[in-house]
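What follows is one structure encoded as structure tokens, with my remarks underneath.
Chain identifiers are assigned alphabetically (A, B, ...) following the order of the sequence lines, protein sequences preceding nucleic acid strands; residue numbering begins at 1 within each chain. Computed from a predicted model, the values in this text were never measured in an experiment.
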Amino acid sequence: DAMVIQNPRYQVTQFGKPVTLSCSQTLNHNVMYWYQQKSSQAPKLLFHYYDKDFNNEADTPDNFQSRRPNTSFCFLDIRSPGLGDAAMYLCASQAGVETDTQYFGPGTRLTVL
Amino acid sequence: DAKTTQPPSMDCAEGRAANLPCNHSTISGNEYVYWYRQIHSQGPQYIIHGLKNNETNEMASLIITEDRKSSTLILPHATLRDTAVYYCIVRARRGHNFNKFYFGSGTKLNVKP
């Protein structure tokens with residue numbers, strides 16, 4: 001089974017203090033995604049990478065950035081978290097363009113104090 | 001992208017079949033129907049997908065109407081562990097939105113003893 005690992009599972013940060021969330025996958029997938037899921041809402045796509053090509057959703061705030069230093073790892077950086085950024089952040093991976101399934105990690109719950 | 005419409009919640013008795021409907025009346029010819037579920041505080045889990053034929057796997061069956069404007073996910077013998085939010089997603093396989101998932105609001109399935 002595909003393994004998508006997110007660390008930490010729970011992250012607390014302070015208002016305005018930069019925070020980085022981590023995602024890794026173990027099956028050499030080409031595509032990785034970041035979603036934001038606020039309480040009682042559906043996941044919302046923030047951006048994705050196809051290999052090193054970065055694709056930002058039009059409504060993703062500039063406060064959110066991402067890095068993919070290699071195939072396995074992908075990071076979500078929130079430069080200046082606000083109270084409204086408290087959410088579950090989900091990472092997903094997919095083998096390639098023509099494959100069917102996105103595999104999701106367990107998510108990181110971000111709390112902003 | 002085609003928008004999906006699902007009832008916000010449904011109840012099902014344990015051991016009975018759960019039939020979850022989804023309306024995707026604006027689906028286009030190159031878009032697939034996917035179903036994922038999300039158990040509380042976990043990442044979404046893939047269930048099944050299809051284009052126009054009915055599909056079955058070890059988890060569920062997917063029935064797509066001939067005009068492809070709606071579908072039904074069937075869990076043949078629901079258990080308490082099937083309690084989750086079920087998302088019906090229409091996914092483009094071509095074009096600038098290819099392979100992206102745009103989640104609808106989902107159906108909260110409550111399986112009761």
_Using a 6.0 Å cut-off, check whether atom CG of B/Asp11 has over 12 heavy atoms from anything other than its own residue._
yes

*asked:* Is it the case that atom CZ in B/Arg16 sees more than 12 heavy atoms from other parts of the structure closer than 6.0 Å?
replied: no

_Test of understanding: with side-chain hydrogen bond (donor to acceptor under 3.5 Å, both in side chains), list the residues that count as partners of A/Ser22, not counting sequence neighbours._
none

*asked:* Within the 4.5 Å heavy-atom criterion, are A/Tyr35 and B/Pro44 side-chain neighbours or not?
replied: no

*B/Phe101 side chain reached by A/Gln94 side chain, heavy atoms, under 4.5 Å*: no

*In terms of the angle between their ring planes, are A/Phe104 and B/Tyr36 parallel, tilted or perpendicular, with boundaries placed at 30° and 60°?*
perpendicular

Decide whether [X] and [Y] are clustered together by the hydrophobic rule: side chain heavy atoms of Ile, Leu, Val, Met, Phe, Trp, Tyr closer than 4.5 Å, transitively.
| X | Y | result |
| --- | --- | --- |
| A/Met32 | A/Phe64 | no |
| A/Trp34 | A/Tyr103 | no |
| A/Tyr50 | A/Phe47 | no |
| A/Val31 | A/Leu21 | no |
| A/Val4 | A/Tyr49 | no |

*In Å, rounded to the nearest 0.5 Å, how long is the span from OG of B/Ser41 to CZ of A/Arg109?*
5.5 Å

*How long is the span from the CD1 atom in B/Ile47 to the OG1 atom in A/Thr101, to the nearest 0.5 Å?*
11.5 Å

_Let's test your reading of the structure: which of A/Gly107, A/Ser40, A/Pro106 forms the most heavy-atom pairs below 4.5 Å with chain B?_
A/Pro106

*Given that the side chain runs from C-beta out, which part of A/Gln37 has a heavy atom under 4.5 Å from chain B: side chain, backbone, both or neither?*
side chain

_Engaged part of B/Gln45 at the chain A interface, taking heavy atoms whose separation is under 4.5 Å_ = neither

*Can you name the residues of residues 83-91 of chain A that have some heavy atom under 4.5 Å away from a heavy atom in chain B?*
A/Met88, A/Leu90

_Closest heavy-atom pair and its distance - B/Phe103, A/Ala42_ = CB-CB, 3.7 Å

